[in-house]
> 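Below are the structure tokens for one structure; questions will follow.
The basis for the numbers below is simple: all heavy atoms, side chains too, and nothing from hydrogens, waters or symmetry mates. Keep in mind it's a predicted model, so treat the numbers as computed, not measured. Residue indices begin at 1 and follow the sequence shown.
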Amino acid sequence: MNNQEQENQTKETTEPLPADSSISGIENFRREVKTYVLRIGRMTAAQEKSYNELSAAWCIPYENKKLNFVDIFGNTNPIVIEIGFGMGDATAELAEANPNVNYLGIEVHKPGVGKLLGEIKRRNLTNLYIIEHDALEVLEDMIGDNSVNGFHIFFPDPWPKKRHHKRRMVQRPRTNLMAQKLAPGGYLYFVTDWKEYAEFALDELNQTEFLKNKYEGFAEPQKWRSQTKFERKGLDADREITEIYFEKQ
């Protein structure tokens, strides 16, 4: 779920951070502190139609079982996971532009899932699947270690209030978990229009074992990344877009 999707959300909880911030502490951390709240919103007729007609074909059900990407995609192409794709426009553009890369989008916002399913059909994509579930549980239970070639986290909720910082996706031990799932040479690419979150995330990633910054500090814009709706809103509001790019050693 993206940062502009905070409106009309369900009531938040405020559980404390666990004492253990290591990989072994991620299970308790993920259950006690959510990185999202479900938004109350109606699907459009088109989104609902796409969801009902296409989810069986392109949505992978959550289960406590590791995925076999070859069985899903029918090839051994690189795997890129996008956490929180919002309405999915940029996700579909990337998948269409890179047919030799397999994409897995994780999102809990049902209208966004319906919208992306419609784009999959419209663009005739065969390299993009969706899991409609909590991303942390998906990573822990369904994704094998050293199996992912890239993580995309574009414009996640910045959780600006200090007491809510524990909900941010890009922080330890969550970054430790993502590093564990990345294959050697894989990357984590984070983009935000909230500068304080970018500074926070950069510090957390610098302290994450096995990850190394490709740049001295913030990253140069990656020309291949599609612009998202939330990025355009940030630019319209005169917010600076900040990018971070780490690789697994």
Side-chain angles (χ1 to χ4, degrees), residues 1-6 17 21-23 25-26 29 33 35-36 78-86 90-91 93-94 97-98 101 103 106 135-136 139 146 148-249:
M1 182 178 292
N2 294 277
N3 53 2
Q4 277 80 11
E5 294 179 353
Q6 280 189 275
L17 275 170
S21 62
S22 64
I23 283 289
I26 188 66
F29 192 31
V33 181
T35 62
Y36 64 90
I79 303 294
V80 172
I81 293 179
E82 181 169 359
I83 297 176
F85 56 73
T91 308
E93 289 178 15
L94 271 177
N98 300 280
V101 177
Y103 292 89
I106 305 175
L136 293 177
L139 295 184
N146 303 300
V148 179
N149 301 97
F151 280 110
H152 294 171
I153 308 174
F154 299 154
F155 302 93
D157 196 319
W159 295 106
K161 294 181 181 179
K162 189 172 183 179
R163 69 178 184 272
H164 293 155
H165 284 186
K166 60 184 174 289
R167 298 175 176 278
R168 290 175 168 176
M169 176 59 72
V170 183
Q171 65 177 295
R172 295 169 298 149
R174 294 167 182 148
T175 53
N176 299 71
L177 178 63
M178 286 182 267
Q180 179 179 317
K181 302 304 174 180
L182 279 175
Y187 67 90
L188 189 157
Y189 184 19
F190 169 70
V191 186
T192 182
D193 61 350
W194 200 268
K195 190 61 176 290
E196 186 275 331
Y197 187 11
E199 292 167 348
F200 173 93
L202 183 62
D203 184 58
E204 292 290 298
L205 287 165
N206 277 326
Q207 297 179 61
T208 301
E209 192 174 10
F210 303 119
L211 294 184
K212 182 176 177 58
N213 196 343
K214 184 179 178 181
Y215 298 85
E216 291 298 321
F218 295 126
E220 299 174 359
Q222 307 300 302
K223 295 180 180 180
W224 51 264
R225 181 178 65 82
S226 300
Q227 190 180 67
T228 74
K229 178 181 70 174
F230 301 101
E231 181 173 8
R232 291 189 289 273
K233 286 185 176 181
L235 290 170
D236 289 343
D238 292 324
R239 291 193 294 270
E240 180 182 0
I241 307 302
T242 307
E243 310 198 8
I244 297 174
Y245 196 103
F246 274 67
E247 296 174 325
K248 184 171 180 178
Q249 302 301 296

> Using the test side-chain hydrogen bond (donor to acceptor under 3.5 Å, both in side chains), find all partners of E247 that sit at least two apart in sequence or belong to another chain.
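Residues passing side-chain hydrogen bond (donor to acceptor under 3.5 Å, both in side chains) with E247: none at all.
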> Any chance you could measure L182, atom CG, to L211, atom CG, to the nearest 0.5 Å?
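Separation between the atoms: 6.5 Å.
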> For the atom pair CD1 (I79) and NZ (K181), what is the distance rounded to the nearest 0.5 Å?
14.5 Å
> Assess the residue pair L94 and W224 against the criterion (side-chain contact (heavy atoms from CB on, under 4.5 Å)); give the C-alpha distance rounded to whole Å, side-chain angles, the decisive distance to 0.1 Å, and a yes or no.
CA-CA 8 Å; L94 271 177; W224 51 264; 3.8 Å; yes
> Look up atom NZ in K248 and atom CD in Q180, then write down how far apart they are to the nearest 0.5 Å.
7.5 Å
> side-chain hydrogen bond (donor to acceptor under 3.5 Å, both in side chains) with T228: which residues, sequence neighbours excluded?
none
> Atom NE2 of H152 and atom CD1 of I81: how far apart are they, to the nearest 0.5 Å?
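H152 atom NE2 to I81 atom CD1 measures 10.5 Å (nearest 0.5 Å).
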> Would you mind reporting whether F210 and T208 have side-chain heavy atoms less than 4.5 Å apart?
no
> My understanding is that only residues two or more places apart in sequence, or in another chain, count here; which of them pass side-chain hydrogen bond (donor to acceptor under 3.5 Å, both in side chains) with E93?
S226
> When you look at NZ of K212, are more than 12 heavy atoms from neighbouring residues, nucleotides or ligands closer to it than 6.0 Å?
no
> In Å, rounded to the nearest 0.5 Å, how long is the span from OH of Y197 to CG of D157?
8.0 Å
> Look up atom CG in D203 and atom CD in Q171, then write down how far apart they are to the nearest 0.5 Å.
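If we round to the nearest 0.5 Å, D203:CG and Q171:CD are 11.5 Å apart.
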> Go through it in stages, so that I can follow the logic: the residues are L205 and I244, the test is side-chain contact (heavy atoms from CB on, under 4.5 Å), and I'd like the CA-CA distance, side-chain angles, deciding distance and then a yes or no.
CA-CA 9 Å; L205 287 165; I244 297 174; 3.7 Å; yes
> Sequence neighbours excluded, which residues qualify as side chain to side chain contact (heavy atoms under 4.5 Å, CB included) partners of R232?
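If we apply the side chain to side chain contact (heavy atoms under 4.5 Å, CB included) test to R232, skipping adjacent residues, the hits are Q227, K229.
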> Donor-acceptor check, side chain of N176 to backbone of R172, threshold 3.5 angstrom: yes or no?
no
> Do V191 and I241 have side-chain heavy atoms sitting under 4.5 Å apart?
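The answer is yes; the side chains approach within 4.5 Å.
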> Do you know the tightest heavy-atom contact between P156 and I153?
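The pair with the smallest heavy-atom distance is CG-CG2, 3.8 Å.
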> Just checking, is any N or O donor in the side chain of E243 or Y189 under 3.5 Å from an acceptor N or O on the other one?
yes
> With a 4.5 Å limit on heavy-atom distance, are the side chains of L202 and E199 in contact?
no
> What heavy-atom pair brings A135 and I83 nearest, and what distance separates the two atoms?
CB-CG2, 3.7 Å
> Regarding E204 and T175, is there a side-chain donor-to-acceptor distance under 3.5 Å anywhere?
no
> Report the residues that fulfil side chain to side chain contact (heavy atoms under 4.5 Å, CB included) with E196, sequence neighbours left out, ordered by chain and then residue number.
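Result, side chain to side chain contact (heavy atoms under 4.5 Å, CB included) vs E196: H165, R168, W194, F200.
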> Suppose we screen for side chain to side chain contact (heavy atoms under 4.5 Å, CB included). Which residues come up paired with Y215, at least two apart in sequence or across chains?
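Partners of Y215 by the side chain to side chain contact (heavy atoms under 4.5 Å, CB included) criterion, ordered by chain and then number, come out as N213, A219, E220, Q222, Y245.
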> Go through the steps to decide whether M169 and F190 satisfy the test side-chain contact (heavy atoms from CB on, under 4.5 Å), and finish with yes or no.
CA-CA 10 Å; M169 176 59 72; F190 169 70; over 6 Å; no
> Which pair of non-hydrogen atoms, one from F85 and one from T91, has the smallest distance, and what is that distance?
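Smallest interatomic distance, heavy atoms only, reads CB-OG1, 3.3 Å.
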